[in-house]
Structures are given as structure tokens and as C-alpha cells.
Number of protein chains: 2
Amino acid sequence: MNRRSFHRAPEGERRQELIEATLDCISEFGLKGATVRQIAIRAGVTAGLVRHYFESKDQMVAEAYRAVIASLTEKASKVEGDPETRLRDFIAINLTEPVADSRSISLWAAFISQVRVDPVLSEIHREGYLTFRNSLQELLADFLAAKGKPADAETCRAFAIAINGLVDGLWVEGCLAGDLFREGELVAIAMSSVEALLGTTIGTVKQ
Amino acid sequence: MNRRSFHRAPEGERRQELIEATLDCISEFGLKGATVRQIAIRAGVTAGLVRHYFESKDQMVAEAYRAVIASLTEKASKVEGDPETRLRDFIAINLTEPVADSRSISLWAAFISQVRVDPVLSEIHREGYLTFRNSLQELLADFLAAKGKPADAETCRAFAIAINGLVDGLWVEGCLAGDLFREGELVAIAMSSVEALLGTTIGTVKQ
DNA sequence: GTAGCTATTATTCAAGCGTATAATAATACG
DNA sequence: CGTATTATTATACGCTTGAATAATAGCTAC
């Protein structure tokens, strides 16, 4: 009858630990391997506790997805400084760690693969995507205006779609096969590509 | 004792049906929901038959992944005509159906999410990615040479990385939220973006 | 301190999983 | 036409899953 000792965690903290453990398991073992038991082990508790904090495993996973999106977007959303600096930082942040790493894309892909299956996840995704693209669009509007270039809504929309695609695509490439690129190569390619797209320098120094 | 009637399928055909059923289930129910039983139902056979054609479920899934990559790359790999036409077709093919649809990205994402988990899938992915990017790189080399632009290996490599990223990123955007874009908008944005990147027209007509 | 609350553990359950095996029906071949 | 072959079905097995329940241990308030 050796019942294991334990300590009571403050409300909220344990929830956070469980969500983090969920993400760890999904990235390491896949959605299939992220079982309630495995997650509990990772969080250092027993399986039953999950249902004390969440209505179901599915609900916990959905909240974990929200956390992923937040971690992928929050850093880039709070860039500061003049428009040019903000644009440069936006690109660099999305293509370097911790945003660009294999854990991130594992999590992202795991959830994307469920978008068709689970309408809840689908809605969470769409919300996150639009927020991200809109913040990029505003950033571009400021930047183009500062450069004295046409910055009407339609132009900014097209640029935002293109640059969002470019950055996302390079992010995927880098996350999945970072070893195929030289140090800083992806960021450099992104910078010069954005300059070519916008027809302006963004303050990067050509080698 | 009503044993269900059945017909014997020609060798290879049944394998193909099972792989197709596997992909259907993964895209509709996720990797988790793609159980042997569900796959068998989709294929119109009983579960036991899977093990008659494949050593294990995992092996069947790996072969299914090969099929996905093939379907995503084969159309774009056999573009024909002069370099300019081939480049244009390459872009258009990747951003319109059937390559760009929600089923494709569900499958792609499901496998990407397993790349860290399963070394077999990881190797299959890397192989497919490099093949795809190299064919794009050759395409660009031909195109730039035809346009009388510098086409050294390093330049082509950087362009291939950037354009591959751009196309992949737009592909993801379109697959996940096609309804957010106007008809043909993504292709148009891709075309004009590639023109800006390469500093050349590629024969598209500006609206 | 100690009574009460609840966070946490321990245990149990039915359902579903991948796989193994044996029975059977469709085909191929002499 | 009969027989061997094997693709297919049917059934069973051991294991894992998410969830429900009961027991218990740590904290808080008085």
C-alpha cells in the first residue's frame, strides 16, 4: 500500500504543466502517442488527474493547440520600433529559434492534420491565421507608407498574402531540414526576397 | 453462418485500393482514426486482409506516404515546353486542384507530424523534398539562361529555396482556407511574386 | 490541533486497437 | 472435372485506450 507522495499545485499552474506535457508528447510521439497516461507521466502526475482539470482529453488537446498558436504568433506580434525595423524583426523572428524548430512544426502539423476532422480545431486555426496575416498587413501598410510607396488596402493585402506565404514556406523548409541550410541562410534569403517583392530595401546589408 | 461473398482482385490492384483507403481514412479521421478496421471498411474488405498484403499496418502507412508524395510531385515534375512555359505551369499546377486541396494538406500534415517520430517517414520526406527542390532548381537554371540572366549554381540555389518556400507557403494558405481568396488570386499573386523575385516577366498578363 | 475541502492517487471498466489463426470460397491448372 | 493454391473471411487474443469511481493525503480556516 505504498501510495506515492505528492504536492498540491496552485490552481492554473498544474493546468499549464499538463498542457505543456501534452505538447511534449505530441511532438515526440505524435497525436497517436500522446495518450492520457503518457502525458500524465510527463507531467509527473497520475492519469486520473487529467479529468480533474479538463472535461475530456479532447478539450485538453484543443487548449494545447491554442497554446501552440500563441507561441508561434506572440513573439512576432509584438515587434517594436520604426516600420522598417519591425518588418525586419518580424521576418527574422519567424525564421529563427524558438519559432523555427522541429518541435514547433511537429505540433503545427499535428494540429493542421486535424483541421478537417475537428471543427473546433478548424476554428482555432482560422482565427489564428487571420490574426497573423492581418498584423502583417498592417505592418506592411506602415512600412510602404513610410517609404512613400502606394499602400492602398488591395496592394497591402496581396503583399501580405505573398510575404506570409514566403515566410511560412521558408519556416517549413527550415524546421524540417534545417541542416540543409547554412547558418542564417534562410533569413538572408527571406530578407532579399522581401526586398525584391516590395521593390525597396529593408535595411539589410548585402554580402 | 452467412459468409459474405467476395471476388479476388488482381495482385497489385488490391494493394492500391488498400493504400487509397488508408489515405481516405487519414484525411477524414486523422492518423488516429485510420484504424485497420476503418480502412478495411473503406476498401470494402475485412480487416484481416490487410496483413495478407502488408507486413504490418505501419508498413502500409509508410507506403501510403510514398503515394502522397508522388501525387504531390509527379504532376509538377513533368511540365513541358520552353523554360518560361514550364516555370509558369509549375507554379500553376502546385496552386490549383488537385494538388492544392484540403485533402492533400491533411495528408501532408499528418505525415509531417510523424517525421520526428518515425525515421522511415523522415527519410521518405527528405528524399521527396530534395527531389522537388532540385527539379525546381534545374527549371530555374534553364529559365534564367534563356533570359540571359546569371544562372550560376549558387544563384539558382537561392532562388529555388525562395520560390519553393513561396509556392509551398501559398499552397498551405490555399489548402487551409481557400475560401478566403478569390478565384485564381493565389496563382496571380504567385506569378507576380516570382516575376519580382527573378526580376523578369514570365509571360503573364497583368490585369 | 482538528474538521472540512478538494487535489491527487489507485483501481476498475468497457471499448477499440493491431495482430494471429483457422475456416472457406474463388480461381488456376492438370 | 477434380484438385491444389491462395485470396478472403471470420473469430479470437492480449493489450492499450479514455473515462468513471472510490480511497486518501495535503492544505486551509477556525
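Convention: sequence-line order gives letters A, B, ...; per-chain numbering from 1.
The NZ-P distance, from Lys57(A) to dA19(D), rounds to 8 Å in whole Å. Atoms CD1 (Ile41(B)) and P (dG18(C)) sit 12 Å apart, rounded to a whole Å. Distance Met60(B) CE to dT19(C) C1': 13 Å, rounded to the nearest Å. Across the protein-nucleic acid pair, Arg14(A) atom CZ and dC27(D) atom P stand 11 Å apart, rounded to whole Å. A straight line from CZ of Arg8(A) to C1' of dT9(C) spans 12 Å, rounded to a whole angstrom. Phe54(B) has its CZ atom 13 Å from the P atom of dA7(D), to the nearest Å. To the nearest angstrom, P of dC17(C) lies 11 Å from CZ of Phe29(B). Between the P atom of dG18(C) and the CD atom of Gln59(B) lies a distance of 15 Å, rounded to the nearest Å.
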Next item on the list: Decide yes or no on salt bridge (charged side-chain N to carboxylate O under 4.0 Å, His left out) for Arg42(A) and Glu28(A), but give the supporting numbers first.
Entry: CA-CA 11 Å; Arg42(A) 178 63 60 116; Glu28(A) 284 183 34; 3.0 Å; yes
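Looking at heavy-atom distances under 4.0 Å, Arg37(B) makes contact with a base. In this structure, Thr35(A) reaches the sugar-phosphate backbone alone: every heavy-atom distance under 4.0 Å involves primed, P, OP1 or OP2 atoms, never a base. In this structure, Ala9(B) reaches the sugar-phosphate backbone alone: every heavy-atom distance under 4.0 Å involves primed, P, OP1 or OP2 atoms, never a base. Residue contacts shown for Val50(B) are absent, as no nucleic acid heavy atom lies under 4.0 Å away.
OP1 or OP2 of dA7(C) has at least one side-chain nitrogen or oxygen of His52(A) nearer than 4.0 Å.
Using a 4.5 Å heavy-atom threshold, the side chains of Tyr53(A) and Met60(A) count as separate.
In this structure, the nucleotide among dA10(C), dG18(D), dT9(D) sitting nearest to the side chain of Thr46(B) is dT9(D).
Donor-acceptor pairing under 3.5 Å, judged by distance alone, is absent between the side chain of Arg4(A) and the base of dT9(C).
When each of Gln38(B) and Gly48(B) is assigned the nucleotide of DNA chain C bearing its nearest heavy atom, the one mapping closer to the 5' terminus is Gln38(B). If Phe6(B) and Lys32(B) are placed on DNA chain C by their nearest nucleotide, the residue sitting closer to the 5' end is Lys32(B).
In this structure, Ser104(A) and Pro98(A) approach most closely via the heavy-atom pair OG-O, 3.4 Å.
By the neighbour-count criterion of 12 heavy atoms within 6.0 Å, atom CD of Glu74(A) is densely surrounded, having more than that number from other residues, nucleotides or ligands.
At a threshold of 4.0 Å, the pair Glu20(B)-Arg103(B) counts as salt-bridged, since one of the basic side-chain nitrogens sits closer than that to a carboxylate oxygen.
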